[in-house]
Number of protein chains: 2
Amino acid sequence: MGEEQVTQEAGQGGARGRPCSVAAALGLVGEKWSLLAIREISFGNRRFDVIARNTGAPRDRLAARLRALEAAGVVVRRRYSDHPPRYEYELTEAGRELRPVLTALRAWGDKWAVDTPPAAFTHSCGHDLDAAMVCRHCGGEVGFDDLKLRVLAPGWTREGPALAQGT
Amino acid sequence: MGEEQVTQEAGQGGARGRPCSVAAALGLVGEKWSLLAIREISFGNRRFDVIARNTGAPRDRLAARLRALEAAGVVVRRRYSDHPPRYEYELTEAGRELRPVLTALRAWGDKWAVDTPPAAFTHSCGHDLDAAMVCRHCGGEVGFDDLKLRVLAPGWTREGPALAQGT
DNA sequence: TTCGTTGGTTTGAAAAACCAACTGACATCC
DNA sequence: GGATGTCAGTTGGTTTTTCAAACCAACGAA
């Protein structure tokens with residue numbers, strides 16, 4: 001009956017690569033169409049048909065992705081009509097907190113993946129949004145060269161798994 | 001002979017969904033393993049074997065993804081030895097500018113996708129990186145509710161394609 | 001000479017994605 | 001009062017993609 005089961009390792013358990021929150025995040029929202037569905041919902045388009053049309057996703061894939069996102073706690077599915085049963089989707093807190101990811105991706109895409117931006121955002125200050133990442137402590141814009149990685153996962157270093165020799 | 005060809009529509013041309021820089025960006029770097037490969041390269045791991053091991057990607061997939069990323073101008077492949085020919089990868093400017101995307105994804109994953117962060121970054125100011133998005137104009141942190149979408153793509157609105165009736 | 005390293009390619013089977021058509025339970029149009 | 005439309009998906013059949021593991025070629029080291 002059921003179709004696909006949720007196979008997410010989320011980078012935590014039996015994953016084969018480096019334990020990493022990026023991998024874990026992609027395990028939850030990294031499949032094709034997921035982020036586009038989230039984009040539409042964040043635009044206020046809550047209905048299946050509209051999300052399908054505006055993303056271009058095949059309906060069966062979209063249904064599967066929405067279920068996975070619901071299981072991941074990123075969206076909620078709300079019945080807005082019995083008889084016939086009709087549902088709509090909205091973002092949870094976790095889902096809303098994905099908007100910075102979309103913003104970063106959109107900024108990159110605007111610059112490197114399209115000729116002219118197909119959309120823009122007006123910030124409440126009146127200007128077009130031009131987002132920067134700053135450090136909350138010093139307030140300075142994050143230059144990625146003044147970031148030092150500390151690998152906390154045991155058995156791993158920046159260059160890979162520490163050669164296990166003992167246990 | 002050849003394997004896969006580059007099928008990227010990049011959200012620009014014949015795409016079926018909303019024209020969108022997010023979709024365009026995902027068309028270039030949204031396939032499985034791509035962002036993890038970029039993560040490793042941004043960590044300074046430039047060699048194929050190391051990237052394969054640390055991401056957990058199947059070698060054939062990784063080879064295909066790296067070629068696509070090279071074609072997209074996100075990485076460059078540099079021969080560091082003839083006889084035998086040996087290559088290493090590094091990020092282009094476009095690739096380096098994906099680091100904010102990774103940072104946003106990592107922040108989200110730290111909070112919503114793992115129990116304890118497997119890595120952290122020390123900012124040059126001495127503190128752990130805690131990144132925020134701010135508007136470059138007003139300097140204020142971006143609250144995503146005080147953002148107003150303007151759809152620039154002709155024929156599209158926030159809720160979808162404008163019903164074509166004329167042409 | 002044999003082993004290990006490196007950057008892949010090949011192979012064959014399993015999984016996932018795609019597309020178009022279909023379903024039900026209504027509401028609305030003519 | 002039948003025809004058509006809306007909506008949230010399913011279903012079925014085909015095409016693509018992914019995967020794991022083995023293989024390869026060119027060297028360098030032991």
Side-chain angles (χ1 to χ4, degrees), chain A residues 1-9 14-17 26-27 30-37 40-41 45-70 75-90 159-160 163, chain B residues 1-9 14-17 23 26-27 30-34 36-37 40-41 45-70 75-90 159-160 163:
Chain A
M1 258 196 179
E3 198 198 342
E4 41 236 291
Q5 37 235 53
V6 184
T7 323
Q8 308 305 2
E9 305 271 3
R16 260 168 297 289
L26 289 174
E31 285 160 305
K32 203 173 175 182
W33 307 118
S34 291
L35 282 172
L36 295 187
E40 284 303 315
I41 302 174
N45 295 318
R46 311 137 115 62
R47 313 277 246 246
F48 186 90
D49 269 19
V50 176
I51 300 169
R53 176 165 42 75
N54 292 358
T55 57
R59 303 170 70 80
D60 61 337
R61 289 305 88 207
L62 180 61
R65 289 298 93 93
L66 287 170
R67 293 284 158 70
L69 290 174
E70 192 190 10
V75 306
V76 274
R77 186 172 176 247
R78 239 193 23 198
R79 160 172 300 203
Y80 69 91
S81 140
D82 324 289
H83 297 322
R86 285 287 175 274
Y87 302 93
E88 61 184 6
Y89 297 88
E90 45 190 273
E159 38 281 299
L163 21 269
Chain B
M1 262 195 179
E3 198 199 342
E4 42 236 291
Q5 37 237 55
V6 184
T7 323
Q8 309 304 2
E9 304 272 3
R16 261 168 296 290
L26 290 174
E31 286 161 305
K32 202 172 174 183
W33 306 118
S34 290
L36 296 186
E40 284 302 315
I41 301 174
N45 296 317
R46 310 139 114 65
R47 312 276 246 247
F48 185 90
D49 271 20
V50 176
I51 299 170
R53 175 163 44 74
N54 293 357
T55 56
R59 303 170 68 81
D60 62 334
R61 289 302 90 206
L62 181 61
R65 290 300 92 94
L66 287 170
R67 293 285 158 73
L69 290 174
E70 192 189 9
V75 305
V76 273
R77 186 173 176 245
R78 240 195 20 200
R79 162 172 300 203
Y80 69 90
S81 140
D82 323 288
H83 299 319
R86 287 286 175 274
Y87 303 93
E88 60 184 7
Y89 296 88
E90 46 190 271
E159 38 280 302
L163 20 268

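Note that the coordinates shown come from a computational prediction; the quantities given were computed from them, not determined experimentally. Letters go in sequence order (proteins before strands), and every chain restarts at 1.
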TODO: Examine dG7(C): is either OP1 or OP2 under 4.0 Å from a nitrogen or oxygen in the side chain of R78(B)? Give yes or no.
DONE: no
What's R53(A) touching, base or sugar-phosphate or nothing? Going by heavy atoms closer than 4.0 Å.
nothing
Separation of dA17(C) atom C1' from E31(B) atom CD, nearest Å, is 13 Å
Distance-only side-chain donor-acceptor flag, Y89(B) / R46(B), under 3.5 Å: no
Might you list the N or O atoms of the protein lying below 3.5 Å from N or O atoms in nucleotides 3-6 of chain C, with each pair's distance?
residue	atom	partner	partner atom	Å
dT6(C)	O4'	R86(B)	NE	3.4
dT6(C)	O3'	Y80(B)	OH	3.4
dT6(C)	O2	R86(B)	NH2	2.2

Atom CD of E159(B) and atom P of dT6(D) are separated, to the nearest Å, by 16 Å
Tightest non-hydrogen contact, residues N45(A) and I51(A), listed as O-CG1, 3.6 Å
Every stem of 3 or more Watson-Crick or G-U pairs under 3.5 Å that DNA chain C joins, in order of first number, is C:1-30 with D:1-30
What one should report as the nearest heavy-atom pair of L69(A) and S34(A) is CD1-O, 4.1 Å
Scanning both residues in full, the closest heavy-atom pair of R59(A) with A52(A) reads NH1-CB, 4.3 Å
* Asked: Are any of the side-chain heavy atoms of R86(A) and F48(A) separated by less than 4.5 Å?
  -> no
*Side-chain N,O (W33(B)) to OP1/OP2 (dT17(D)) below 4.0 Å*: no
Quick one: is the NZ or CZ of R47(A) closer than 6.0 Å to the six-membered ring centre of Y80(A), and within 45° of its axis?
-> yes
N54(A) and E40(A) have their tightest heavy-atom pair at ND2-OE1, 3.1 Å
note: I51(A), atom CD1; dC7(D), atom P; distance rounded to Å ~ 13 Å
Separation of dC7(D) atom P from L66(A) atom CG, nearest Å, is 16 Å
Quick one: is dT10(D) close enough that its OP1 or OP2 comes under 4.0 Å of any side-chain N or O from R61(A)?
no
Quick note, H83(B) side chain, CB onward, closest among dC26(C), dT10(D), dC27(D) is dC27(D)
Output for pair (L35(A) CG, T55(A) OG1), nearest 0.5 Å, gives 12.0 Å
L62(A) CG to dT10(D) P, in whole Å, measures 11 Å
| message | Below the 4.0 Å mark, does dC19(C) have OP1 or OP2 next to a side-chain nitrogen or oxygen of R16(B)? | response | yes
Heavy-atom nearest nucleotide on DNA chain C taken for G56(A) and for P84(A); more 5' hit belongs to G56(A)
Atom OH of Y89(A) and atom P of dC7(D) are separated, to the nearest Å, by 14 Å
Here the distance between atom P of dG7(C) and atom CZ of R79(B), to the nearest Å, is 12 Å
Quick note, P58(B) side chain, CB onward, closest among dT18(D), dG8(C), dA20(D) is dA20(D)
| said: It should be established whether K32(A) places a side-chain nitrogen or oxygen under 4.0 Å from OP1 or OP2 of nucleotide dA16(C). | reply: no
Tightest non-hydrogen contact, residues R65(A) and K32(A), listed as CD-O, 3.5 Å
Separation of dC22(C) atom C1' from D60(A) atom CG, nearest Å, is 13 Å
Scanning both residues in full, the closest heavy-atom pair of G160(A) with R53(B) reads CA-NH1, 3.5 Å
